[in-house]
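To start, the structure itself, in structure tokens.
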Amino acid sequence: MNSGAEAVETALKAARKWAYQVKGVPSDRAEVIACEGNFHGRTIAIISMSSETQYREGFGPMLGGFRLIPFADSKALEAAITPNTAAFIVEPIQGEGGIIVPPPGYLAECARVCKKHNVLLICDEIQTGLGRTGTLLACQHDGVIPDALTLGKALGGGLLPVSMFLARREVMNVFSPGDHGSTFGGNPLAAAVGLEALRILQEGELIENAKKTGEYFLTRLKEIKSPLIRDVRGKGLLIGIEIDTAQVSARHVCERMIAAGVLSKDTHESVIRFAPPLIITPPQIDRAVGIFKRVLSATRGELRNNRP
Ligand SMILES: Cc1ncc(COP(=O)(O)O)c(C=O)c1O
């Protein structure tokens, strides 16, 4: 497909049709479980399983057939499953939700629960996939092979919209010609770029670099002593710094960072996300950390001066 959201839409359609054709769920009763704080895109179906007011407000009525459970809680998953549950869709690390890294073993436990109840485990790796977290897929950290997977973003080498939905044959086979498609879905240019991006990932040392430099980046960030920082977390080159929003917003810090030459992105007011290119080097990380420290001190100065 083209956008990440379309890959997720494809996953939802596949899960529903699999539920009716293979699992034997009564017509139009299939349910999909998702996590609070998720981000899977912004289509009507996808916002219907979002817990974020901004994405939903003004776009109702929402679509039925979704249940939300807390993230990183496999017991909640088991409790939410009914005979009509088709799938559980989850990001191995919540990206837009604030770089929330679940405890080790969480995804493996979800995989066990899903298998036990004949529910598809769909990992949305649009943000975490293709080397970002130091492994090809983030689900590999937990040794999990999901039933289905969505990929996007890096698949287009940062240049071209291309996304995919992958699944076990039994799931993929529910689609007949004409069930699903898009004018530019799987177009030759996007396919060529996607294949090249995968080839570079396989042949180069990008994934290993993401692992090594990610650990280095995280260590350097954890060394920073600033009362504005509440937490530093992440995996590979997907890192979140939680800012004390009682003092300043993450956006304010990100804007100051842009002016100083470093691009980062705020999520949820409170988290600064660093997701640099996988080719980043330790000296470049040192430079970014230096700029970040200077921005934090300057922000502290501003806050002191503005105090009554
Ligand atoms: C985990 C995840 N899923 C889906 C999407 C949606 O992708 P797109 O913006 O290409 O529609 C994103 C985008 O940030 C994402 O992070």
Side-chain angles (χ1 to χ4, degrees), residues 1-15 32-52 54-56 59 66 68 71-72 87-102 106-107 110 121-133 135-141 144 146 148-167 180 182-187 190 193-194 197 210 234-240 250 254 263-268 271-278:
M1 301 302 284
N2 308 285
S3 65
E6 285 169 279
V8 174
E9 285 278 339
T10 312
L12 296 175
K13 285 174 75 173
V32 171
I33 301 173
C35 288
E36 283 159 12
N38 74 65
F39 186 78
H40 298 294
R42 290 185 176 88
T43 62
I44 296 278
I46 294 171
I47 61 171
S48 299
M49 58 174 176
S50 172
S51 54
E52 186 66 35
Q54 192 199 345
Y55 299 145
R56 296 165 60 100
F59 302 116
F66 296 110
L68 281 184
F71 181 61
F88 172 50
I89 181 163
V90 65
E91 297 155 85
I93 295 173
Q94 283 193 334
E96 293 291 325
I99 319 296
I100 315 286
V101 185
Y106 165 64
L107 204 61
C110 290
L121 174 65
I122 305 173
C123 286
D124 180 350
E125 294 241 22
I126 287 166
Q127 184 147 170
T128 53
L130 302 179
R132 171 62 45 201
T133 68
T135 44
L136 180 66
L137 300 171
C139 56
Q140 289 173 294
H141 291 293
V144 164
L149 191 68
T150 51
L151 292 172
K153 291 192 192 286
L155 186 61
L159 288 172
L160 205 79
V162 51
S163 65
M164 17 170 176
F165 167 68
L166 300 90
H180 191 61
S182 150
T183 303
F184 291 111
N187 73 77
V193 170
K235 211 158 197 105
L237 285 171
L238 185 60
I239 295 177
C254 289
L263 285 176
S264 56
K265 165 82 171 68
D266 56 306
T267 72
H268 278 251
V271 179
I272 297 170
R273 174 179 42 191
F274 282 122
L278 306 191

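Bear in mind the structure is a predicted one, so any value in this text is a computation, not a measurement. Indexing begins at 1, ligand by ligand and atom by atom, following the structure's order.
Here the closest non-hydrogen pair linking Gly240 and Val271 is CA-CG1, 3.9 Å. Nearest approach of Glu91 to Phe71, heavy atoms of both residues: O-CE1, 3.3 Å.
Between the side chain of Arg132 and the backbone N or O of Leu238 there is no donor-acceptor pair closer than 3.5 Å. Between the side chain of Arg273 and the backbone N or O of Gly98, no donor-acceptor pair lies under 3.5 Å. Looking at Asn38, its side chain does come within 3.5 Å of a backbone N or O of Met49 through a donor-acceptor pair. For Glu6 (side chain) and Ser163 (main-chain N/O), no donor-acceptor pair under 3.5 Å exists by modelled atom type.
Inside a 4.0 Å radius of atom 9 (O) of ligand 1 there is not any protein heavy atom.
Distance from atom 2 (C) of ligand 1 to its nearest protein heavy atom, with residue and atom name: Phe39 O, 3.2 Å. Looking only at protein heavy atoms, the nearest one to atom 14 (O) of ligand 1 is Lys153 NZ, 2.8 Å.
Considering Val162, Ile126, Val8, Ile46 only, the shortest heavy-atom separation from atom 5 (C) of ligand 1 involves Ile126. The option from Gly152, Ala5, Ser3 that lies nearest to atom 6 (C) of ligand 1, judged by heavy atoms, is Ala5.
Among His141, Lys235, Gln140, the single residue meeting the side-chain hydrogen bond (donor to acceptor under 3.5 Å, both in side chains) criterion with Thr133 is His141.
At least one N or O atom of Gly4 sits closer than 3.5 Å to an N or O atom of ligand 1.
When each atom of ligand 1 is checked for a heavy atom of Asp124 under 4.0 Å away, the hits are 1 (C), 2 (C), 3 (N), 4 (C). Close approach to Gln127 involves these atoms of ligand 1, each under 4.0 Å from a residue heavy atom: 14 (O), 16 (O).
Residue contacts with ligand 1, taken as heavy atom pairs separated by less than 4.0 Å, do not involve Glu125 at all.
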